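From a predicted model like this one, the values you see are computed outputs, not experimental measurements.
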Amino acid sequence: MKLNLPVDEFIPQIQTRLSEGNNLVITAAPGAGKTTRLPPALLDIVEKKIIVLEPRRMAAIAAAHRIAEERGWTVGEEVGYQVRFANKTSAKTRLIFMTEALLARQMIDDPELSDVDLVILDEFHERSMHVDLALGLLRELQELGRDIKLLVMSATLEAEKISAYLGNSPVVSVPGKLFELEVIYQKNHQVLQTSPAFYENLFSTVKEAQGKTSKDILVFLPGVGEIERAKDNLSSWCEGRNIELVPLHGSLGIEEQRKALQKGSRQRIILSTNIAESSVTLDGVNTVIDSGLAKNMKQDYRTGFSRLELGRISLSSAIQRSGRAARQFPGICYRLWNKMDELSFTKSEVAEIQRVDLTESLLFLAAQGVADFQNFTWFEKPNSIAIEKALQYLRLAKALDGKNKITDSGRKILHFPLPVRLAKLMLVALERGSSELGADLAGILQERDFLRREAISSFLGDKTECDITVRLDLLQQFRKSGKAPREASFFALQTVEQSTRQILSLGKKMVPGKAAQAEPNNLELRTLLLKAFPDRLCRRRGNSDRALMVGGRGVKLQNETLVKSSEFFVALNGVEGSSDAETIVSLACGFSKDFILSHFKDEIQKVRDVTFIEEKGQFFIREYKSLFGLPLEEPSLLPASQQEVSEKLPQVLVEKWDLVLKNNEKLAQWWERVEFFKRHEGLSFESEIPELKLEAFAQACMGESKMQTVFEKDLAFFFENVFPQDFVHTLRKELPDRIEVPSGSKIKIIYPEDKAPYLEVRIQEVFGLQETPKLLFGKIPVTFHLLGPNFRPVQVTANLESFWKNGYPEVRKELRIKYPKHQWPEDPADGTPEAKGRRRSP
């Protein structure tokens, strides 16, 4: 017999809403049953298929099996799933659960989804890049007249925003069915690095939690490495208590992930990444331990490199995680942070489309006939710089033409289930008869590095000048013996081997290759890497470990790389160094100048330009041979004339935007407010910003030939002069640079990228201020960092009313003892605001 769930009584209303209109938004609290009860019920109101998009394989597979179990169906018949490398559907399957990336691939061959009546976007709050693309394309299909229905669902969702995007569609809110939940915070601040102190804290919390329950415990950790380390730390302790340790992450096979969802015969401690945040219920769990950390992929727009970045989760993720403890029983959630730490948590996650490489997204859109990416129907438009960076690579890789139309090569690249660069590498390999080498390179570069960090030093005498060759050798040794060499991780090697086989098999099916070439491996390897990563080509500066990359970025080779003397190399990874102007590279492959010249002879150009050399602090005329903008030789330098500098200066300032902001505080503060406005409200003129910057600098540079002179001007004035005046007025009114407090002081507001706007002010200056000022049309309260007479923080609050009532009495007791000469009224409304103290900056 099926258990009644909260969503069941809403099903008739939801069926009616979707029968009468095409779009609907549902907010459903955890445990409401939206994923397993709604999709099969909606088959009654449509004739064709329903596709349900899930952010992860585990959720798609688990949901299909749960529905089949509840309804007596067979997986692969009435209900099925499609995930990477697994398709459990048949001709009669009308309800299909699918990972979000696969719908994008289905739309390549069938842009109108001709056999689909309804697409359900589940767990929309996770906002993967693929779900944003699917949403935009489906919305455009609707606007073109295609009668397809859209249902957006989430447990934590800003319903008004998505409803407006879907033409003010109706919103249905469904309550959850959570049992009583106790949330326990720790006294100490959150540990933001996975250091020994992090694991000690985790271990002690696990022991405390296990002492209070015989049911399963779910532990959220940021990544696979942290899961393995925690597993090592806990294994002997768990063995002595007959507790099963269960890892759960995306790298595991489908069956291993499914097993983690099911209750075992012993008490279990499940060590999971955020994969367990939004799947169906994990049977047997009543306790959650949340580290409050996650790893997210983020692209650096200056370099084009992507990296996994460790950071705090959002408040919405914290709610999702804690809810896992109270699905089946009264539960407890241990949060490894204190309540004050939550002031630094963002409200929700940054959408993936705002932080990852967009090459695959734009290529996919181009395959759908989209050419104007800036004006595509984005739910939330990505950064314009990220769009331009992706376009540069796609044109360089000849995947798009000059009009942003997809080429034949681009279509072939898109059919590979790989990042665009590695798909390009595999395509070139197939065309050259090097498919096996191409698959090996793609597998090595796509998966986690299997070479143990402590073993890298043993290879430093290698003369191949390429970090990939030693990894290829280790992979070959593994294939021959079935055992991992001592320098490599067995499980990581196994994953790479599986990946290479899948890539090779798919590649041969998609693009018939030439007969195998007899060209030596090291030359062919370099050819493939150079064809796939032309924008990562670097030229070494003299005999140093520093180099210049295509695009002008400075890079520094780490000691662990084997590239010790090559004049040219391709940077295959990159992380930001201590200097803003430098990227650290530990994985590279070296090239001779002759090799570069022979492979790109048609692309090499002679250049004469005016450039600003930061180290010298002046402009020069440069003459040199260039490949994709990278000088292939030391340029000849001649001092530029005043007229040449004046003509070039505005454009150079646009290109050196970060340097400008670093040297002009007023403009930097003004730009913070513009960026804040854009994040929350969007900018109707965003595509015009590059031209507006150039115009503002042209006015500021009139008659000037020195960059420093321009830096010393009030550049914010020139920008306000050229930006749309209605926007400038709105910015001044809704996001002022300062707020006047009761003492008469005008206090600067800081608008950080990842926190609420705040100001720092002595508590005595705000006596009498009863109501928290709100910004941006009254929607965002200012956070007050309240300081004592010594200008040190005593309290942080975004709710002054609550602070005066609940927090001030305790603060007053302490400050009266420390500073008896200052006034500390019982009722702060009666206090006289004072502006005494050190002089504030104007």
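- Shown here is Glu143, whose CD atom has more than 12 heavy atoms of other residues, nucleotides or ligands within 6.0 Å.
- A pairwise comparison of heavy atoms in Leu103 and Ala134 identifies CD2-CB, 3.8 Å as the closest pair.
- Within the 4.5 Å cutoff, no side-chain heavy atoms of Asp110 are placed close to those of Val116.
- Minimum interatomic distance between Ala442 and Leu425 (heavy atoms only, all atoms of both residues): N-CD2, 4.5 Å.
- To the nearest 0.5 angstrom, Leu414 atom CG is 4.5 Å from Leu363 atom CG.
- Distance check, rounded to the nearest 0.5 Å: CG of Asn22 to CD1 of Ile148 gives 9.0 Å.
- At distances below 3.5 Å, at least one donor-acceptor pair connects side-chain atoms of Gln725 with backbone N or O atoms of Glu720.
- In this structure, Gln368 contributes its side chain and Met107 its backbone to a donor-acceptor pair below 3.5 Å.
- Judged purely by distance below 3.5 Å, without hydrogens or angles, the side chains of Thr359 and Asp357 pair a donor atom with an acceptor atom.
- Using a 4.0 Å cut-off between charged nitrogen and carboxylate oxygen, Glu123 and Lys34 count as a salt-bridge pair.
- Considering every non-hydrogen atom in both Glu686 and Ser384, the closest pair reads OE2-OG, 3.3 Å.
- Both tests hold for Arg421 against Tyr393: distance to the six-membered ring centre under 6.0 Å, angle to the ring axis within 45°.
- Counting heavy atoms of neighbouring residues, nucleotides and ligands inside a 6.0 Å radius, atom NZ of Lys625 does not exceed 12 of them.
- Residues Asp115 and Lys49 are paired through a salt bridge, judged by an N-O separation under 4.0 Å between the basic side chain and the carboxylate.
- Between the CG atom in Leu731 and the CD atom in Glu681 there is a gap of 11.5 Å [rounded to 0.5 Å].
- Exactly one residue among Leu135, Leu24, Leu118, Ile120 makes a side chain to side chain contact (heavy atoms under 4.5 Å, CB included) with Leu150. That residue is Leu135.
- Taking each heavy atom of Ser163 and Ser169 in turn, the nearest pair found is OG-O, 2.6 Å.
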Subject >> Check against side chain to side chain contact (heavy atoms under 4.5 Å, CB included), Lys678 and Glu675 >> reply: CA-CA 5 Å; Lys678 184 174 78 171; Glu675 288 288 313; 3.6 Å; yes

Subject >> Full working for side chain to side chain contact (heavy atoms under 4.5 Å, CB included) between Leu776 and Phe677 >> reply: CA-CA 8 Å; Leu776 210 58; Phe677 191 97; 3.6 Å; yes

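- Looking only at distances, no side-chain donor or acceptor of Ser154 sits under 3.5 Å from a matching main-chain atom of Thr27.
- The main-chain N or O of Met129 is found under 3.5 Å from a side-chain atom of Glu352 such that the two form a donor-acceptor pair.
- Between Leu121 atom CG and Phe379 atom CZ the span is 10.5 Å, to the nearest 0.5 Å.
- You'll find the ring centres of Trp657 and Phe719 inside the 6.0 Å limit.
- Within a 6.0 Å sphere centred on CZ of Phe717, heavy atoms belonging to other residues, nucleotides or ligands number 12 at most.
- Using a 4.5 Å heavy-atom cutoff, the side chains of Ile406 and Leu394 are not in contact.
- Contact of the Trp670 side chain with the Asp737 side chain is not registered, since no non-hydrogen atoms from C-beta on lie closer than 4.5 Å.
- Looking at heavy atoms from C-beta onward, Leu358 lies out of side-chain contact with Phe373 at the 4.5 angstrom threshold.
- Taking NZ of Lys606 as the reference point, atom OG of Ser626 lies at 13.0 Å (rounded to 0.5 Å).
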Subject >> Chi angles and distances behind the side chain to side chain contact (heavy atoms under 4.5 Å, CB included) call for Leu430, Met426 >> reply: CA-CA 6 Å; Leu430 284 162; Met426 193 60 199; 4.3 Å; yes

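- Cation-pi geometry between Lys424 and Phe416 is not met at under 6.0 angstrom from the ring centre and within 45 degrees of the axis.
- Without hydrogens or angle criteria, Asp117 side chain to Lys48 main chain gives a donor-acceptor distance under 3.5 Å.
- You'll find the side chain of Lys161 reaches within 4.5 Å of the side chain of Glu380, heavy atoms only.
- With no hydrogens or angles considered, no side-chain donor-acceptor pair links Asn383 and Arg355 at under 3.5 Å.
- At a threshold of 4.5 Å between non-hydrogen side-chain atoms, the residues Glu100 and Pro55 count as touching.
- Here the side chains of Val370 and Phe364 are not in contact, with every heavy-atom distance at 4.5 Å or above.
- Minimum interatomic distance between Leu630 and Leu537 (heavy atoms only, all atoms of both residues): CD2-O, 3.7 Å.
- Of the possible donor and acceptor atoms, none in the side chain of Arg622 sits under 3.5 Å from a partner among the backbone N and O of Pro631.
- Inspection of the Gln699 and Asn721 side chains reveals an N or O donor paired with an N or O acceptor under 3.5 Å.
- Between Thr583 and Arg553, the side chains place a donor N or O and an acceptor N or O closer than 3.5 Å (distance only, hydrogens not considered).
- Checked by atom type and distance alone, the side chain of Arg57 never pairs as donor or acceptor with a backbone atom of Val83 at under 3.5 Å.
- Surrounding NZ of Lys405 are at most 12 heavy atoms belonging to other residues, nucleotides or ligands under 6.0 Å away.
- Around NZ of Lys666, the count of heavy atoms belonging to other residues, nucleotides or ligands within 6.0 Å does not exceed 12.
- Defined by atom type and a distance below 3.5 Å, a donor-acceptor pair is present between the side-chain atoms of Asn23 and Gln142.
- Donor-acceptor pairing under 3.5 Å is recorded for the side chains of Glu447 and Ser499.
- Using a 4.5 Å cut-off on side-chain heavy atoms (C-beta onward), Leu138 and Leu113 make contact.
- Here the shortest heavy-atom pairing between Ala60 and Tyr81 reads O-CB, 4.2 Å.
- Atom CE of Met707 sits about 6.0 Å away from atom CG of Leu649, to the nearest 0.5 Å.
- Listed for the Asn664 side chain is no donor-acceptor partner under 3.5 Å among the backbone atoms of Val660.
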Original post:
Checking side chain to side chain contact (heavy atoms under 4.5 Å, CB included) for the pair Phe718/Val710: CA distance, chi angles, key distance, verdict?
Top reply: CA-CA 11 Å; Phe718 293 100; Val710 180; over 6 Å; no

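- Taking 4.0 Å as the cut-off between side-chain N and carboxylate O, Lys531 and Glu431 do not count as a salt-bridged pair.
- Side-chain atoms of Ser409 and Thr407 form no donor-acceptor pair, as typed in the model, at a separation below 3.5 Å.
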